[in-house]
There are 2 protein chains.
Amino acid sequence: MDSGVKKPGVTSSRVAEHAGVSQSAVSRTFTPGASISPKTRQKVLASAKELGYRPNAIARSLITSRSRIIAVVMAYLENLFYPDVLEELGRALAAENYHLLLFTGFMDRDSDPVFDQLMQYRVDGIILASTSLSSELSEECAAAGIPVVLFNRTTERDAVSSVTTRNREGGKRIADFLVAGGHTSFGYIAGLENSSTNRDRYEGYVEGLAANGYTNLVVETGNYSRKEAEAAARVMLSRPDRPEAIFVANDHMAVAVMDVARYELGLNIPEELSIVGFDDVGPARWTSYGITTMSQPLKRMVESTVDILMDQIASGEIEAEHRILSGELIVRTSARLPQSGIVERDGQRIYRPREA
Amino acid sequence: MDSGVKKPGVTSSRVAEHAGVSQSAVSRTFTPGASISPKTRQKVLASAKELGYRPNAIARSLITSRSRIIAVVMAYLENLFYPDVLEELGRALAAENYHLLLFTGFMDRDSDPVFDQLMQYRVDGIILASTSLSSELSEECAAAGIPVVLFNRTTERDAVSSVTTRNREGGKRIADFLVAGGHTSFGYIAGLENSSTNRDRYEGYVEGLAANGYTNLVVETGNYSRKEAEAAARVMLSRPDRPEAIFVANDHMAVAVMDVARYELGLNIPEELSIVGFDDVGPARWTSYGITTMSQPLKRMVESTVDILMDQIASGEIEAEHRILSGELIVRTSARLPQSGIVERDGQRIYRPREA
DNA sequence: CTGAAAGCGCTTACAG
DNA sequence: CTGAAAGCGCTTACAG
């Protein structure tokens, strides 16, 4: 394969020689909090600068058993929610002086294929977004002292932490909102069937509808994919008893559903059809869509994720922690409005039936 | 900071002991092509499996001087073009058994702040997407034997390779297309002024218009940002002499421009205003937008990028290589059609005046 | 094919 | 505060 030549690169020993000090002194200069006199430090810094020295993080990792690398496994980047998450994660990890090793692919199955790779790099922690891990591997991480956090998914498994929003309550609130909007027939376009987010949103929605006396729910599956959501919308909207209101399990699919409804079936939104989504992702805010949607507080979700990781890395205690944050039902133009319950917060219209 | 405890983890020596062979034998078992008898290999593999051994990539990197890590510096993930690139890069690098260390942020300035970090990890190569590097740092990479590839940008600098499409020709073709479509007044909504892509697209557009006898170009700047593109569109479209056709420097901005045109100014597209974009990114294909746009062959761009990197890593020769690929003008519904020149290829309509 | 040994570039007790 | 030394977990000549 690669028979390439590598340039040597300057080492701490070379710097030590140049500065007339020991190699230990050079190391201490670059170790925050290490015991070193200002004078020695200055000499070392000067030599380091002159020679263009940079500590070798690989060598440091080897001896400290800390790579300062967090593996992020993420698929499904076509859903803008995840690029946003990634960008925020990059920022948050950089602030903690950690680095982000990215593994893409593998949305619908467990992330086992990449697992071997990431373990070889002795990552200090693992973030799984829109994907999960088999239980054996989760156990292995716990045994190896490597914290794992599921982002926007959750699990019963002992060793794995998670950060989510109140998906169930979200589904329920959407049901309340649609019922208050005067709709009497309902549809659901589902995400991946084995994902906890889809399950929770669905269950909350069903529960909310039932509490209002509605059990006539029509369901099709979009598997969180644009293409499949389009197909699901075609089927659902071609029914003679087409529902008046549809909750689409995320905004990424809701955009597709709206396009199909408007341009293939000529439906006016929201006059003839109400659409509600989930996530509050970029396109939901674009005027063409204006999707009424349950928001997920992305920044706080990322903060929590990094928090959990840093805690467990510092303590060495791997025990599952589940953080559940709250979003809001952001009201825009894709669904008919209820008579009351809409309040304004920070320039956004949100649905809060209790407060109004 | 972190006083955490790390579990020991099983090493090649432990496996050697367990299998009753030397540590070298264990190492050879996990080094493709190394000299090892099938019998020894089997013993080692059995022990490794039993103990849950995985070679330590960090230790390997230290001794081979190859981290098998490629740094990717990428900002501007809100433009779906880049998440798509990232996903494809992940795949392509994984196929070569390389890993992807991601640095986000820093769209509009050079990526110097992250440079130190990435050099400390002794990455084997650097990919810069939607960002660039100062010339001193480029030189430093070359001196250290680390190849650098600019993705979707180019530069005159000696040491840095690049992968782009024919932006200039793209701008020119768009001009021809709009003139052929019968427009007589033209606008340009610019990207970042210091980016080579923006400069080349602009110059090609101006040149193409001039060749057709038009010099009355109106220009506003969107800096590749959605917000600024909206503002630019408002200004341009409120002019009494509003142009009939606008080339927006990328699709990400074109979407914003279309929303402003339709919903704030009530313009019909393409009857009253033609819009052409660049990239052929996801939303360009959504029915709500249907943007006529110059495509960029993302997969081939990624392949070329990884190609250049692998070549230079293998040879140890860092010399700038510039690959320039071709896209097509994909014709959709956001711009008025010329009488002729539109052909069908692979189910897509493209503009190729020569062939028609 | 195999093992003993050197060494990659660091950190960190240890002794002074 | 400082230096000599051990050692992190590997790869790879070297000699057999």
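Every chain is numbered from 1, with letters handed out A, B, ... down the list of sequences.
Side-chain nitrogen and oxygen atoms of A/Ser35 include none within less than 4.0 Å of the OP1 or OP2 phosphate oxygen of D/dT2. In terms of phosphate contacts, A/Ser22 brings a side-chain nitrogen or oxygen within less than 4.0 Å of OP1 or OP2 of D/dG3.
In DNA chain D, runs of at least 3 stacked Watson-Crick or G-U pairs (N1-N3 plus N6-O4 or O6-N4, or N1-O2 plus O6-N3, all under 3.5 Å) give these stems: C:1-3 with D:14-16, C:5-12 with D:5-12, C:14-16 with D:1-3.
Of the listed residues (B/Asp307, B/Thr305, B/Val306), just one forms a side-chain contact (heavy atoms from CB on, under 4.5 Å) with B/Val163, and that residue is B/Thr305.
Using the six-membered ring where Trp is involved, B/Tyr121 and A/His99 have ring planes that are perpendicular, over 60° apart on the 30 and 60° scheme. Between B/Phe30 and B/Tyr53, the ring-plane angle classifies as perpendicular under the 30° and 60° cut-offs.
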Carefully, step by step, assess A/Tyr98 and A/Ile69 under the rule side chain to side chain contact (heavy atoms under 4.5 Å, CB included). CA-CA 6 Å; A/Tyr98 273 80; A/Ile69 292 176; over 6 Å; no

Check step by step if side-chain hydrogen bond (donor to acceptor under 3.5 Å, both in side chains) holds for B/Ser61 and B/Ser67. CA-CA 5 Å; B/Ser61 297; B/Ser67 59; 5.5 Å; no

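Between the CD1 atom of B/Ile36 and the C1' atom of C/dG3 there is a distance of 11 Å, given to the nearest Å. Atom CG in B/Leu62 sits about 7 Å away from atom P in C/dG9, given to the nearest Å. One can place CZ of B/Arg66 at 14 Å from P of C/dG9, the figure rounded to the nearest angstrom.
Classification of B/Arg91 and B/Glu88 as a salt-bridged pair holds, one side-chain N sitting under 4.0 Å from a carboxylate O.
Under the 3.5 Å distance criterion, the side-chain polar atoms of B/Ser196 are left unmatched by any main-chain donor or acceptor of B/Arg153. B/Gln312 places a side-chain N or O within 3.5 Å of a backbone atom of B/Glu319 that can act as its donor or acceptor partner.
A donor-acceptor pair shorter than 3.5 Å cannot be found between the side chains of B/Ser27 and B/Ser24. Remark: the B/Thr197 side chain and the B/Ser195 side chain contain an N/O donor-acceptor pair separated by less than 3.5 Å.
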Tell me, for nucleotides 10-15 of chain D in 5' to 3' order, what letter each nucleotide earns: B for a base near a protein heavy atom under 4.0 Å, S for only sugar-phosphate near one, - for neither? BBBB--

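Counting non-hydrogen atoms of neighbouring residues, nucleotides and ligands closer than 6.0 angstrom, the CD atom of B/Glu17 reaches no more than 12 such neighbours.
Taken residue by residue, residues 38-52 of chain A places no heavy atom nearer than 4.0 Å to DNA chain C.
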